[in-house]
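Take a look at the structure set out below.
Position 1 is the first residue of the sequence, and the numbers go up from there. Remember, it's 1-based here, ligands and their atoms both numbered in the order they're listed.
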Amino acid sequence: MKILGIETSCDETAAAIVDEDGRVLANLVLSQLEEHRAFGGVVPEIAARAHVEHLHTLIQAAMEDAAVRFDQLDGVAATCGPGLIGGVMVGMVAGKAIAAAHDVPFIAVNHLEGHALTARLTDNIAFPYLLFLVSGGHTQILVAEGVDQYRLWGTTIDDAAGECFDKAAKLMGLPYPGGPNVQKIAAECADEAAARARYPLPRPLIEKNKQDLTALDFSFSGLKTAVRTHVENMPGADDLNRGDIAALACAFQVAVADIMADRARRSLQRFKAEYGVDNPALVIAGGVAANTAIRARLTEECAAHNARMVAPPLNLCSDNAAMIAWAGLERLRAGLSDGLDFKARPRWPLDRGAIKT
Ligand code: KG4
Ligand code: ZN
């Protein structure tokens, strides 16, 4: 079984082909970083136009890379939400057109399910598992119980983790995209303890009753505000000292890692109790999962709780189409496909009940 996947929900135009053995036959990602850099963030209209401009050549190139003809495809999967609706429609319509022309099933994929199922593509993880989805738009703790079956245990009450990285980076005068640049400059800080002492930062909700295993929400806006205050108090507002910024970036990263570790502890304990699994897997997905400090901290926390941390390789953590093709394949195998009248969804929670339990 070979599935073409298409991803256009944000600022990456991507096309990939995977097969049922989990082989990624082609995986092309065209980043629009340059188009958006001048604006310090993703501009929806520019993103949609860039998808229109590049998608067809990218799909063609992916098919050539995989040495697969369109009539050899068993299905076409496209991200149909959540995301920037103009871009989502470009990929969705392209996917429907190819599926219709070659008379194969069309699979409407939730971008978040793409992230959620990546660990099954890369590490063959069995259900149920615990999932930390941390990206620019989402910060969620979910239990993946099966294809199309998720339980939402925690989410952010304000900013997403990646958004917080991006906003903090901007405040620190670091270029877009924020996350990788915070990590890069933080690596220049040689003394983490001194950086933490010099730039104290809050860990919102971390003190909330430590025994309450259902206290799994996040809040990042207070952390961002504290970064702003530290930057404003730095000498030479127009020409910030690189060493100061490196120390602040380091302290910031540690704060986010501490918050994640606290939620990992609570959710692992809860998962073990509710699912009776002694050696659970905690999967991290989304762009922020690329952060090495956060990965290291979560690995420690998992080890302390007899759990395995599973982190897909970096190129499959950030937005890509292999995860969409794979999610499409899993859905098709489970007997799920969609009509050509499927409507793009700007908002599309993974947990359909969306009731936090
Ligand atoms: O999953 P993703 O590629 O796109 C979506 O939001 O769906 O995630 C992008 C986010 C951005 O906010 C970016 O700053 C953040 O992930 N990010 C990072 C790192 N790499 C990307 N944040 C922290 N450290 C990183 N190394
Ligand atoms: Zn994403």
Are any of the N/O atoms in Cys317 less than 3.5 Å from those in ligand 1? no
Flag the pair Trp348 / Tyr150 as yes when their ring centroid distance falls below 6.0 Å, and as no otherwise. no
Take every heavy atom of His111, measure it against each atom of ligand 1, and state whether any distance is under 4.0 Å. yes
Show me which atoms of ligand 1 lie under 4.0 Å from any heavy atom of Phe165. 22 (N), 23 (C)
State which residue, out of Thr8, Leu28, Ile6, fulfils the side chain to side chain contact (heavy atoms under 4.5 Å, CB included) condition with Leu58. Leu28
shortest atom 12 (O) of ligand 1-to-protein heavy-atom contact is with Asp166 OD2, 2.7 Å
So for ligand 1, is Gly162 a polar contact partner (N or O within less than 3.5 Å, distance only)? yes
Grab the two heavy atoms, one from Ala247 and one from Cys189, that are nearest each other, plus how far apart they are. CA-SG, 4.0 Å
Looking only at N/O atoms, are Glu12 and ligand 1 under 3.5 Å apart anywhere? no
Determine yes or no for a side-chain-to-main-chain donor-acceptor pair under 3.5 angstrom, with Thr79 supplying the side chain and Gly81 the backbone. no
Tell me, which N, O or S atom in Asp319 is closest to the Zn ion (ligand 2)? OD1
Heavy-atom nearest neighbour in the protein, as seen from atom 18 (C) of ligand 1, with distance rounded to 0.1 Å: Gly179 CA, 3.5 Å
Would you please determine whether His115 falls within less than 4.0 Å of ligand 1 on a heavy-atom basis? yes
Between Gly286 and ligand 1, does any nitrogen or oxygen pair lie at a separation below 3.5 Å? no
Could you name the option among Asn291, Val288, Asp319 that has the heavy atom nearest to atom 15 (C) of ligand 1? Val288
Donor on one side chain, acceptor on other, Glu12 and Asn320, under 3.5 Å: no
When you measure from the Zn ion (ligand 2) to each N, O or S atom of His115, which atom gives the shortest distance? NE2
Is the side chain of Asp158 donor-acceptor paired with the backbone N or O of Ser219 at a distance under 3.5 Å, no angle test? no
Stepwise side chain to side chain contact (heavy atoms under 4.5 Å, CB included) test for Met1 and Asp19: CA-CA 5 Å; Met1 194 190 272; Asp19 72 9; over 6 Å; no
Aromatic ring proximity Phe271/Tyr129, centre distance under 6.0 Å: no
May I ask you to decide if Phe132's main-chain N or O and His115's side chain share a donor-acceptor pair within less than 3.5 Å? no
Cation-pi geometry met for Arg270 and Tyr275 (6.0 Å, 45°): no
Below 4.0 angstrom from a heavy atom of Gly137, which ligand 1 atoms are there? Numbered from 1 as shown, please. 6 (O)
Lys NZ or Arg CZ of Arg263 over Phe218 ring: under 6.0 Å, within 45°: yes
Give me the nearest non-hydrogen protein atom to atom 10 (C) of ligand 1 as residue plus atom name, then the distance to 0.1 Å. Gly136 N, 3.4 Å
So, regarding Ser318 and ligand 1 (criterion: nitrogen or oxygen to nitrogen or oxygen, under 3.5 Å), is there a contact or not? no
Considering Gly287, Ala289, Cys10, Ala169 one by one, which has a heavy atom nearer to atom 1 (O) of ligand 1 than any of the others? Gly287
Between the side chain of Asp65 and the main-chain N/O of Ala26, is any donor-acceptor distance below 3.5 Å? no
Does the shortest distance from the Zn ion (ligand 2) to an N/O/S atom of His111 fall below 2.8 Å? yes
Output the list of atoms in ligand 1 that are nearer than 4.0 Å to some heavy atom of Gln183, sorted by atom number. 24 (N), 25 (C), 26 (N)
Just to check, does Pro180 reach to within less than 4.0 Å of ligand 1 when the distance is taken from its heavy atoms? yes
Per-atom contacts, ligand 1 versus Ser135 - under 4.0 Å to a heavy atom: 1 (O), 5 (C), 6 (O), 7 (O), 8 (O)
